[in-house]
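Sharing a structure below in structure tokens format, with a few things to ask.
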Amino acid sequence: MAVEFPPRPTWADIDLNALLHNLRQAQRFFQPHQRALTVVKADAYGHGAVPVARCFQRAGVCDFAVATLEEAIELRDAGIDDALLVLGGCHPGQEKAFMAYNLMPALLDPQMALRLSAAAEQQGCRIPAHLKIDSGMGRVGFLPNLLRDFLPQLQQLKGLEIVGLMSHLACADELDSGVTLQQLERFRSVRQMLRDGGIVPRDIHISNSAGLSGWDVPEATLMRPGIMLYGGLPGPDFDDKLELRPVMHLRSCISQLRTLPKGSGVSYGHNFYTERDTRVAVLPIGYADGYNRLWSNRGQGILHGQKIPLIGRVCMDWIMFDVTDVPQAKVGDSITLLGFSEGLSILGDFWAEQLDTISYEVFCRIGSRVPRRYLGGPV
Ligand SMILES: *Cc1c(COP(=O)(O)O)cnc(C)c1O
């Protein structure tokens, strides 16, 4: 028997208007022939892949990228039938699923090409694929020399249709990087080599958020923005180039409010002692939700237009704030931990800087235990 109940008062508001604003910011850098291949991997960087993809669809986007087959199937099952690129490629045994769900793998190595082509030939069809070049990322994809040697075989593979040529930039967030120039040069010469071998992919793409807002690639037909769509800067140097809005706003409500006398220890390890009689607000959220334990004794929240300090260690399911200076605080009041509230902000980029990581990780760590609440979006 289903019993109705309200959720624990911890959630993430996802502002779809901000998402669309950021998409338009990305598109400012596009040339007229270029389209967005919006990256919605890792559950759209924690924002919810299906609602985010639907929002982009209604804004006219019809090309999407995810990391894994499972992520692609989630979109297909939700009825999203646009072009869908699986950046992680096709692992052994997944070939039939790529055909069944009409997915395009990033083609990462000769073995993957042979496997996919054989599986497609068996079914009498061709799998569209994006040939990935390692132009200097040093991670995945065909190294140019390897591709040169493999080209005669690739030309013979009847089960594959090379519809895209792609690469990934390692240092595009450094605006004067020689690495990027070198990668672009290698990418261009691979493109020429393929042309000479009779392979002319319809789509060409190499730019992530940093690339598309920092480097011109006129031959590209697709741009692959990720982080900037979600309001994160691709790097510190982009602060004045991009006007982005945060999309995710993490909030939790005070569920216990108590006054601890001066000298009380708070949370595991007692590495915080109250220095005065202290009103402590306890929120039902913790590191199991992606609220990083490194915030222990140094996190902050926004309550009634004021910044308040986190005290004690972050627990798995609870955190504590000192709200002594917010006399109107009461049980049920919401505290913003990430995003905007009442003119104040705690940005993903601030989290990242404080915790020595990148905003990407901040967003995609906000876990599945935190329900997403969608606001705004196309009408
Ligand atoms: C994640 C990813 C992107 C998007 O990168 P951002 O830095 O988030 O814009 C683009 N291309 C590939 C291959 C990726 O893996």
Side-chain angles (χ1 to χ4, degrees), residues 19 22-30 34-47 49 52-53 56 61 63-69 71-72 75 83-90 103-109 112 129-142 164-175 177 179-180 183-184 187 201 203-215 217 220-239 241-242 244 246-248 348-349 352 357-365:
L19 190 73
N22 296 338
L23 175 66
R24 286 190 293 269
Q25 288 295 302
Q27 287 169 332
R28 281 197 313 158
F29 297 94
F30 292 14
Q34 294 173 333
R35 15 191 250 288
L37 170 60
T38 49
V39 179
V40 295
K41 65 189 177 191
D43 203 25
Y45 294 44
H47 293 69
V52 163
F56 288 149
V61 171
D63 297 87
F64 296 91
V66 292
T68 69
L69 174 60
E71 290 173 354
L75 294 181
L84 193 42
L85 172 62
V86 179
L87 297 166
C90 173
L103 305 172
M104 298 182 291
L107 209 54
L108 305 182
D109 61 52
M112 193 183 294
H130 290 236
L131 185 61
K132 172 113 176 214
I133 308 305
D134 185 347
S135 60
M137 174 71 182
R139 189 174 67 178
V140 294
F142 286 80
L165 177 66
M166 63 181 293
S167 190
H168 194 48
L169 298 171
C171 304
D173 55 324
E174 295 161 32
L175 288 172
S177 161
V179 176
T180 302
Q183 284 198 261
L184 290 172
F187 187 58
D203 281 317
I204 306 290
H205 48 110
I206 190 168
S207 305
N208 52 7
S209 297
L212 74 88
S213 53
W215 303 81
V217 189
T221 60
L222 292 172
M223 297 295 203
R224 301 195 306 263
I227 193 65
M228 69 185 293
L229 300 173
Y230 308 106
L233 294 172
D237 295 344
F238 290 79
D239 207 357
K241 290 190 72 143
L242 297 174
L244 303 176
V247 178
M248 184 188 292
D349 285 303
T357 180
I358 50 178
S359 65
Y360 301 67
E361 189 185 8
V362 172
F363 297 134
C364 71
R365 284 254 181 135

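Start at 1 and go down the list; that is how both ligands and their atoms are numbered. Quick caveat: nothing in here was measured; it's all calculated off a predicted structure. Index from 1, following the sequence.
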Ser177, Ser167, Ser135 screened by side chain to side chain donor-acceptor pair (under 3.5 Å) with Gln183, the one that passes: Ser135
Numbered atoms of ligand 1 (with element) below 4.0 Å of Ile227, judged on heavy atoms: 6 (P), 8 (O), 9 (O)
Point-to-point distance, once rounded to the nearest 0.5 Å, from NE2 of His205 to CG of Leu165: 7.5 Å
Rounded distance [0.5 Å steps], CE in Met166 versus CG in Leu37: 7.5 Å
Protein heavy atom at shortest distance from atom 7 (O) of ligand 1: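 Ranking protein heavy atoms by distance from atom 7 (O) of ligand 1, first comes Tyr360 OH, 2.6 Å.
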Tyr45: numbered ligand 1 atoms lying under 4.0 Å from its heavy atoms: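 Listed by number with element, the hits are 1 (C), 4 (C), 5 (O), 6 (P), 8 (O).
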Residue Ser209 vicinity, atoms of ligand 1 by number, heavy atom under 4.0 Å: 6 (P), 9 (O)
Location of contacts on Lys41 toward ligand 1, heavy atoms closer than 4.0 Å: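 Near ligand 1, Lys41 shows its side chain, while the N, CA, C and O stay back.
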Ligand 1 atoms in contact with Arg224 (distance to a heavy atom under 4.0 Å): 4 (C), 9 (O), 10 (C), 11 (N), 12 (C), 13 (C)
Interatomic spacing from CG in Leu108 to CZ in Arg139 - rounded to 0.5 Å: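 Between Leu108 CG and Arg139 CZ, I get 9.5 Å after rounding to 0.5 Å.
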Where Pro225 and Leu212 come nearest, the two heavy atoms and their spacing: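 Closest approach of Pro225 to Leu212, heavy atoms only: CB-CD2, 3.6 Å.
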Heteroatom distance test (Leu87, ligand 1): nitrogen or oxygen, under 3.5 angstrom: no
Shortest protein heavy-atom distance from atom 12 (C) of ligand 1, along with the residue and atom involved: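 Of the protein heavy atoms, His168 CE1, 3.4 Å lies nearest.
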Interatomic spacing from NZ in Lys41 to OG1 in Thr68 - rounded to 0.5 Å: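 Between Lys41 NZ and Thr68 OG1, I get 11.0 Å after rounding to 0.5 Å.
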Protein residue, atom and distance nearest to atom 5 (O) of ligand 1, heavy-atom basis: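 Result for atom 5 (O) of ligand 1: Asn208 CB, 3.5 Å.
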Ring-ring centroid check Phe363 Tyr230, cutoff 6.0 Å: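 No, they do not, as the ring centres are separated by 6.0 Å or more.
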